[in-house]
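A quick note: this is a predicted structure, and the numbers were derived from the prediction, not measured. Position 1 is the first residue of the sequence; numbering continues from there.
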Amino acid sequence: MIDSNAVNALRTQAIGPEHKSLPADSWGRSIEDFVAAQPELNRFHTPLLTVDNAKIDHNIAVMAAWAEEAGVKLAPHGKTTMAPVLWKRQLDSGSWAITLATIWQVQLARRFGVERIMLANSAVDPVGLRWLATELDAHPEFEFYCWVDGLRTVEAMDAVLGEAGSARQIAVIVELGGDHGRTGARSVEHARDIAEAVAASPYLSLAGVGGYEGALSHDRSEAGLAAVADYLRAVRTLHQDLDAAGLYGDHAVVTAGGSAYQDLVALHLASLADENGTNGVPTSVVVRSGAYIIHDDGFYSQISPMIPSRSDHPLAAAMHGWARVVSRPEPGLALLDAGKRDLPYDEGLPVPQSASGEVTALNDQHAFLRFPDDDAAAPVGTVVRLGLSHPCTAFDKWRLIPVIDDSDSDNPRVVDLIHTFF
């Protein structure tokens, strides 16, 4: 499912000053050589983002066990980390595929030998689509799915693939959306029309239905959960209609599920799983959660169904920021050396975990840490551990991310460095 040699080769690459916050004595050395001695975290500059190795293992195991119990397959969204070494760990744990969001991301995954990919997006860029047709024709073992949500999308794909002389049909998922959501057909009726157009195409094959329920709610209020449930019931109805109409080939995929409502996806869709085709076309139900591998101390720690108050097997926050007090310009205020260029802020500001106070704002390279009263316990030079929100916008700010053995240790050791590709 992935080329282990290509992934392992990343550890032979040289560290340099382009790798933010790594110490100068690591420059010119391979990752493998540098981390062999498990250097202490205090050898690194601040600001810094780290991930906890044991908590990543824990989260992968928790999600794999949940999927097996629920009767669904996992195709974790790789755009969360864009880290092939983490994709490998997910695939090795039993994940069915890797989900991605752009053709370029698909190209990167193919460089690392990922053999089953779902593009959770439409593929209408002619340059990318021509590359995709060539890649599929050249590699019969490559299994690929993308989405369509309109008749014009089908027409645009047909035009490009026809000009390219594509030999293999591209498997497509009809995407159902919802009012005020993101992409996706806005009604089951329109989605059926799209499915019929796909089934009639010489270059496409109808491979399933799905979409993204997270665009319809951002909390677990009664109204939010009801909106998600209504949407998932519509996805279910669409699949059953297309199956009854005989529009599928020899297999169908029903897919949904970010990292906020996978419990509802299992509740409403898992019973459609029918690998042997006992009740219709053989069907796989695929959940695409991405953030679970890292989880967080912010947005997902509140909305996920897999937190201590909702699950006996909760996920654990595996990422932290580390920033140093560089200024105490006035009473009750400390400036840290981490800002928007270093840490996520779109789903909540960083939260101090080893100092009192509250981060009230971020500039490009500074965080404003304010105290209700002046706090002499955080003088200039103090390093503060920060809880973070939203892994998708944390990883994209770092080319190499230190992996530590224990984020709760007084002196964590770095056991690996993770390459990201953004």
Side-chain angles (χ1 to χ4, degrees), residues 20-22 41-42 44-52 55-56 80-81 218-220 259-260 291 293-304 307-309 314-404 406-412 414 420 422:
K20 184 166 59 174
S21 295
L22 268 71
L41 194 64
N42 60 17
F44 289 67
H45 301 285
T46 55
L48 195 62
L49 176 75
T50 64
V51 293
D52 186 306
K55 290 176 180 174
I56 288 175
T80 298
T81 64
H218 294 88
D219 57 40
R220 293 188 78 89
S259 296
I293 187 173
I294 302 299
H295 198 51
D296 68 10
D297 284 308
F299 178 73
Y300 288 108
S301 74
Q302 301 298 315
I303 200 170
S304 170
I307 62 174
S309 63
L315 300 171
M319 67 175 180
H320 296 91
W322 307 81
R324 194 179 307 271
V325 177
V326 293
S327 177
R328 294 295 307 267
E330 62 187 55
L333 175 63
L335 276 298
L336 309 180
D337 63 353
K340 294 179 179 179
R341 301 286 180 87
D342 312 299
L343 303 175
Y345 57 92
D346 59 315
E347 292 285 2
L349 294 173
V351 177
Q353 295 182 324
S354 61
S356 61
E358 177 186 6
V359 174
T360 59
L362 291 183
N363 291 163
D364 285 354
Q365 308 287 180
H366 292 91
F368 289 73
L369 177 58
R370 295 192 180 273
F371 309 100
D373 300 304
D374 193 37
D375 188 345
V380 169
T382 302
V383 174
V384 179
R385 191 182 87 171
L386 300 164
L388 305 176
S389 179
H390 202 196
C392 296
T393 52
F395 272 54
D396 64 346
K397 296 169 177 58
W398 298 84
R399 295 181 181 182
L400 280 182
I401 300 175
V403 181
I404 56 178
D406 183 1
S407 55
D408 295 320
S409 168
D410 291 335
N411 196 17
V414 174
T420 68
F422 285 96

Item to complete: Establish, from distance only, whether the side-chain atoms of Trp322 and Thr50 form a donor-acceptor pair under 3.5 Å.
Response: yes
Worksheet item: Within a strict 4.5 Å, meaning less than it, do heavy atoms of the His320 and Ile404 side chains meet?
Response: no
Fill in: With Lys20 via side chain to side chain donor-acceptor pair (under 3.5 Å) - residues at least two apart
Asp342
Discussion item. I want to check something: taking the side chain as every heavy atom from C-beta on, are Gln365 and Leu335 in contact at a cut-off of under 4.5 Å?
Written reply: no
Practice prompt. Taking side chain to side chain donor-acceptor pair (under 3.5 Å) as the test, write out the residues that go with Thr46, two or more places apart.
Written response: Arg324, Asp337
Discussion item. As an exercise, state the distance from CD1 of Ile303 to CG of Asp296, rounded to the nearest 0.5 Å.
Written reply: 10.5 Å
Worksheet item: Below 4.5 Å, heavy atoms only, C-beta onward: do Pro402 and Leu48 meet side chain to side chain?
Response: yes
Practice prompt. Look only at the side chain of Arg370 and the backbone of Ala361, and say whether a donor-acceptor pair between them is shorter than 3.5 Å.
Written response: no
Worksheet item: Considering only heavy atoms from C-beta outward, does the side chain of Val359 approach that of Val351 to under 4.5 Å?
Response: no
Discussion item. Would the distance check show the side chain of Thr393 and the main-chain N or O of Pro344 forming a donor-acceptor pair, the cut-off being under 3.5 Å?
Written reply: no
Discussion item. Which heavy atom of Pro314 sits nearest to which heavy atom of Pro308, and what is that distance?
Written reply: CB-N, 3.5 Å
Fill in: Any side-chain heavy-atom pair of Arg341 and Pro47 under 4.5 Å
no
Discussion item. What's the separation between atom OG in Ser389 and atom CG in Asp346, rounded to the nearest 0.5 Å?
Written reply: 7.0 Å
Discussion item. How long is the straight-line distance from CD of Glu347 back to CD of Gln302, given to the nearest 0.5 Å?
Written reply: 12.0 Å
Fill in: Side chain proximity check, Thr81 to Thr420, heavy atoms < 4.5 angstrom
no
Worksheet item: Considering only heavy atoms from C-beta outward, does the side chain of Phe368 approach that of Asn363 to under 4.5 Å?
Response: yes
Fill in: Gap separating the CG atom of Leu349 from the CG atom of Leu369, nearest 0.5 angstrom
11.5 Å
Fill in: Euclidean distance, Leu22 CG relative to Ile401 CD1, rounded to 0.5 Å
11.0 Å
Item to complete: Report the C-alpha distance between Tyr345 and His390 in whole Å, list the side-chain angles of each, state the deciding distance to 0.1 Å, and finish with yes or no for side-chain contact (heavy atoms from CB on, under 4.5 Å).
Response: CA-CA 8 Å; Tyr345 57 92; His390 202 196; over 6 Å; no
Worksheet item: If every non-hydrogen atom of Leu388 is compared with every non-hydrogen atom of Pro350, which pair is closest and at what distance?
Response: CD2-CB, 3.9 Å
Worksheet item: If only atom types and distance count, is the side chain of Ser304 paired as donor or acceptor with the main-chain N or O of Ser301 below 3.5 Å?
Response: no
Worksheet item: Does the side chain of Pro412 come within less than 4.5 Å of Asp52's, by heavy atoms?
Response: no
Discussion item. What's the separation between atom CG in Leu386 and atom CD in Gln353, rounded to the nearest 0.5 Å?
Written reply: 7.5 Å
Worksheet item: Any donor and acceptor pair, going by atom type alone, linking the side chain of Ser354 with main-chain N or O of Arg385 inside 3.5 Å?
Response: yes
Worksheet item: So which heavy atom on Ile294 is nearest to which on Phe395, and how close?
Response: CD1-CZ, 3.6 Å
Worksheet item: Where is the tightest heavy-atom contact between Ser407 and Lys55, given as atom of each residue plus distance?
Response: OG-NZ, 3.2 Å
Fill in: Residue Arg399 excluded, over 12 heavy atoms near CZ under 6.0 Å
no
Worksheet item: If you take all heavy atoms of Leu333 and Arg328, which pair is closest and at what distance?
Response: O-NE, 3.0 Å
Worksheet, complete the sentence: Heavy-atom closest pair (Tyr300 atom, Ala260 atom, distance to 0.1 Å) is CE2-N, 4.4 Å
